[in-house]
2 protein chains.
Amino acid sequence: MVIERQQLSASVKDVAAAAGVSLGTVSNVLNRPDRVAAATREKVEHAMAELGFVRNESARSLRAGRTRSLAYVMLDAGNPFFTDVAQGIEHAAEGAELSLFLCNSDSRATREATHLEHLEQQRVQGILITPVDPDSPALDAIARRGTPLVIVDRIRKGGAFCSVAVDDVLGGRLAVEHLIDRGHRRVAFVGGPLSIGQVADRYEGARLAWSTAGLPEDDLTLVAGESLTVASGRSAGERLAGIPSARRPTAAFCANDLIALGLLQQATTAGLRVPEQLAIVGYDDIEFAAAAAVPLTSVRQPRQELGRAAADLVLDEASNEAHHHQQVVFTPELVARASTLG
Amino acid sequence: MVIERQQLSASVKDVAAAAGVSLGTVSNVLNRPDRVAAATREKVEHAMAELGFVRNESARSLRAGRTRSLAYVMLDAGNPFFTDVAQGIEHAAEGAELSLFLCNSDSRATREATHLEHLEQQRVQGILITPVDPDSPALDAIARRGTPLVIVDRIRKGGAFCSVAVDDVLGGRLAVEHLIDRGHRRVAFVGGPLSIGQVADRYEGARLAWSTAGLPEDDLTLVAGESLTVASGRSAGERLAGIPSARRPTAAFCANDLIALGLLQQATTAGLRVPEQLAIVGYDDIEFAAAAAVPLTSVRQPRQELGRAAADLVLDEASNEAHHHQQVVFTPELVARASTLG
DNA sequence: TTGTACGCGTTATCAT
DNA sequence: ATGATAACGCGTACAA
């Protein structure tokens, strides 16, 4: 048997010809099967199978003026935090019978812009995005031109769109309050560039907790890294391990779990015992945090809920005339594990 | 200033009217800017900005008969292995000026089917997929109907499509040969269901190495789990830790790194020292493998290259008349770390 | 250099 | 119950 690959996909017109009916009847079989006689319908369905007919979504959405899809532009597909958020969105999309397209900007503004341009041209029903820069006017332009857009994991006050986030200042406070409770009096904040909003907020929360406890400002050290990655955590670990123990912070609060994992590894390699000589708190509570050989204390964010809430908002904006923009802020929670509980 | 949200997106026709030129001229500005006088072009571009004109991709691809996008249907977006593969694909897509849509089947055949149906209707230029079941006839049907399709991380011999994979049998052999070299004579294979091809192949490689070394068959134990997850690794750890030390395997070869990380954590919790009492080899060499507090020996696969090769094949099939289906098999490599090197 | 007319595949409306 | 036809927005050949 030879399997032929069909060269050009058949259209409703071809199906109609093959079945010996009119074009309108084929359309009825597809969209209002009840209005067509059983015998006719069968003939048409047979022809469709025979010809390998596949509906053309471009034509459909051109006609309909809207597509049946949603998109999420991720900041970093390699970070489990964002894939969990995506999963929450996926569930919502599935419920609404929409396709979800995931795009990865990989923290690059140019790639993000390209994705956004394509998505806008595709006329997706809505765009969810964790942006490289939440204040970029490009986002406003998209909303102004009519595509519902929701910012995920960042708050944009007074903007032309909804946003869903977690209270990062509070998260930072929880982390450092926990360390202070455990008796730490020299703490390092290990984070990516403060230009990243999430990082800046978590640092602010940390300093708030610190000053509220009346501790000397200088004893909360800032160890700035270039990015929120495992590699960045490792190099921070080297720097910390290099400090004489009398002056070395006894605990580190990391801006996310990737950094914390890198720090944990490097610190252990350098001979520091965790948490006896260095306690570590991460952020996000990704699955790998609990799976680390010294399970990581971390600040948990409701990741899937974040995604679902964002999707619900964008769907509401897409379909509800009376939609009102809103800023949703979830509350984080500290999960204490061995890396601080020695 | 009040920012109006435009209700309906403007078409080329609207732009033409606003600019006081004909529709064809607007089209020329878009597609052959050189054929239009500078002054006219400027007028048109001004009108476009004014009206917030966005090209309608549905109309474009309906006219063109093809879209400008590619899709990758992932088996598990939460597994870093697949996000790395996706990144390789993304680079290739970027180079070809195509959008890449990521879809996640989450190991569910129904969700996968839905995604495939949508993608086929979208007329994407090609579909890359790590399928739930590589032998599903649904895949053949898609290829037969004309959408180029490439299987990623599985080989399908004699099929109507290309496939790109890594030699999992060899990978399994490398892992177990390494353990034998290190003196282990009782080894456990910890894996998801053998119905997953990757798992079955790695197990086969393990047994091959074992019998080649002339070791008694019974001393290579199979510890079957339900899935390739951290949680599954943990429960395997409980089972191993429960075995009296005289009979307990001295090493475990895990079907992937997620399992290995779970196993590592649980074994440590149960008081087993790694690698002295239990050596561990993972598979995939995801970033977190090296970052584990006992860095994991693992079998590395060229993840990004896998994605890039698959994308190149699908693009070739989409554009090259003389395309010939091929099966590409990459070679894995063992990365030895502390979890076996005690 | 600019304008006009047609077709891409689908769907909805109207007429038969 | 079924068939004919217009419209969605764009690109392009062809005419002016």
Side-chain angles (χ1 to χ4, degrees), chain A residues 6-45 47-48 51-68 117-118 120-124 145-147, chain B residues 6-45 47-48 51-68 117-118 120-124 145-147:
Chain A
Q6 288 153 16
Q7 286 314 318
L8 279 101
S9 45
S11 76
V12 280
K13 205 183 289 184
D14 303 319
V15 173
V21 299
S22 91
L23 188 155
T25 301
V26 177
S27 175
N28 280 335
V29 171
L30 287 168
N31 304 301
R32 302 193 265 330
D34 45 308
R35 286 199 201 169
V36 55
T40 319
R41 197 174 61 216
E42 222 164 298
K43 243 188 348 189
V44 173
E45 278 165 352
M48 295 200 297
L51 296 172
F53 169 76
V54 176
R55 269 152 110 124
N56 185 321
E57 179 64 24
S58 294
R60 287 185 89 184
S61 49
L62 173 58
R63 182 65 228 252
R66 48 149 56 186
T67 60
R68 310 190 31 66
E117 189 183 336
H118 283 150
E120 213 181 347
Q121 296 186 354
Q122 307 252 349
R123 301 285 195 278
V124 292
R145 285 190 290 261
T147 303
Chain B
Q6 287 152 16
Q7 286 314 317
L8 280 100
S9 45
S11 77
V12 281
K13 207 182 289 183
D14 303 319
V15 174
V21 300
S22 90
L23 187 155
T25 303
V26 177
S27 177
N28 280 334
V29 170
L30 288 169
N31 304 301
R32 309 200 253 340
D34 45 309
R35 286 200 200 166
V36 56
T40 319
R41 197 174 61 217
E42 221 163 300
K43 245 190 339 190
V44 172
E45 278 165 351
M48 295 201 296
L51 296 171
F53 169 76
V54 176
R55 270 153 109 123
N56 185 321
E57 180 64 24
S58 295
R60 285 215 317 153
S61 48
L62 174 59
R63 185 73 176 72
R66 49 150 55 187
T67 60
R68 309 193 34 65
E117 188 184 335
H118 283 151
E120 213 182 347
Q121 296 186 354
Q122 305 253 350
R123 302 285 194 278
V124 292
R145 285 190 291 263
T147 303

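Note that the structure is a prediction, hence the values are computed from the model and not measured. Quick note on labels: first sequence line is chain A, next is B, and so on, each numbered from 1.
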Enquirer: Output the single nucleotide from C:dT10, D:dC10, C:dT2 whose closest atom is nearest the side chain of A:Arg60.
Expert: C:dT10
Enquirer: I want to confirm an ordering. Mapping A:Ala37 and A:Leu23 to their closest nucleotides on DNA chain D, which one lands closer to the 5' end?
Expert: A:Ala37
Enquirer: Choose from C:dT10, D:dT2, C:dG3 the nucleotide whose nearest atom is closest to any side-chain atom of B:Val21.
Expert: C:dG3
Enquirer: Using a 4.0 Å heavy-atom cut-off across all strands, classify A:Ser27 as base, sugar-phosphate, or nothing.
Expert: base
Enquirer: Give one of base, sugar-phosphate or nothing for B:Arg63, where a contact means two heavy atoms less than 4.0 Å apart.
Expert: base
Enquirer: If you check the B:Phe53 side chain, which of D:dG11, D:dT2, D:dC10 turns out closest?
Expert: D:dC10
Enquirer: Roughly how many Å is it from CG in B:Asp14 to P in D:dC8, rounded to a whole number?
Expert: 10 Å
Enquirer: Do any N or O atoms from the side chain of B:Asn31 and from the backbone of B:Asn28 form a donor-acceptor pair under 3.5 angstrom?
Expert: no
Enquirer: Answer with base, sugar-phosphate or nothing: what part of the nucleic acid does B:Gly24 contact at a heavy-atom distance below 4.0 Å?
Expert: base
Enquirer: B:Gln122 CD to C:dG9 C1': how many Å, rounded?
Expert: 15 Å
Enquirer: Checking all strands, does A:Arg32 fall into the base, sugar-phosphate, or nothing category for heavy-atom contacts under 4.0 angstrom?
Expert: base
Enquirer: How many Å lie between CZ on A:Arg68 and C1' on C:dT11, as a whole number?
Expert: 14 Å
Enquirer: How many angstroms lie between CG in A:Leu30 and CZ in A:Arg55, if you round to the nearest 0.5 Å?
Expert: 4.5 Å
Enquirer: Just to be sure I understand the rule, does B:Ser58 reach a base, reach only the sugar-phosphate, or reach nothing, if contact means heavy atoms closer than 4.0 Å?
Expert: nothing
Enquirer: Select base, sugar-phosphate, or nothing to describe what B:Ser61 touches, counting heavy atoms under 4.0 Å on all strands.
Expert: nothing
Enquirer: May I ask you to decide if B:Glu57's main-chain N or O and B:Ser61's side chain share a donor-acceptor pair within less than 3.5 Å?
Expert: yes
Enquirer: Quick one, B:Arg35 and B:Arg32 - any side-chain contact, counting heavy atoms below 4.5 Å?
Expert: yes
Enquirer: With the side chain of B:Asn31 defined as its heavy atoms from C-beta on, choose the nearest nucleotide among D:dG11, C:dT2, C:dG9.
Expert: D:dG11
Enquirer: Would you mind reporting whether A:Asn56 and B:Arg123 have side-chain heavy atoms less than 4.5 Å apart?
Expert: yes
Enquirer: Heavy-atom nearest nucleotide on DNA chain C for B:Gly20 versus A:Leu30: which residue maps closer to 5'?
Expert: B:Gly20
Enquirer: Is the phosphate of C:dG3 approached by B:Ser22 (side-chain N or O, under 4.0 Å from OP1 or OP2)?
Expert: yes
Enquirer: Any idea which of C:dT2, D:dC10, C:dT11 is nearest the B:Thr25 side chain?
Expert: C:dT2
Enquirer: What is the distance, to the nearest angstrom, from the NZ atom on B:Lys43 to the P atom on C:dG3?
Expert: 8 Å
Enquirer: Using atom CZ of A:Arg35 as one end and atom P of C:dA12 as the other, report the distance to the nearest whole Å.
Expert: 9 Å
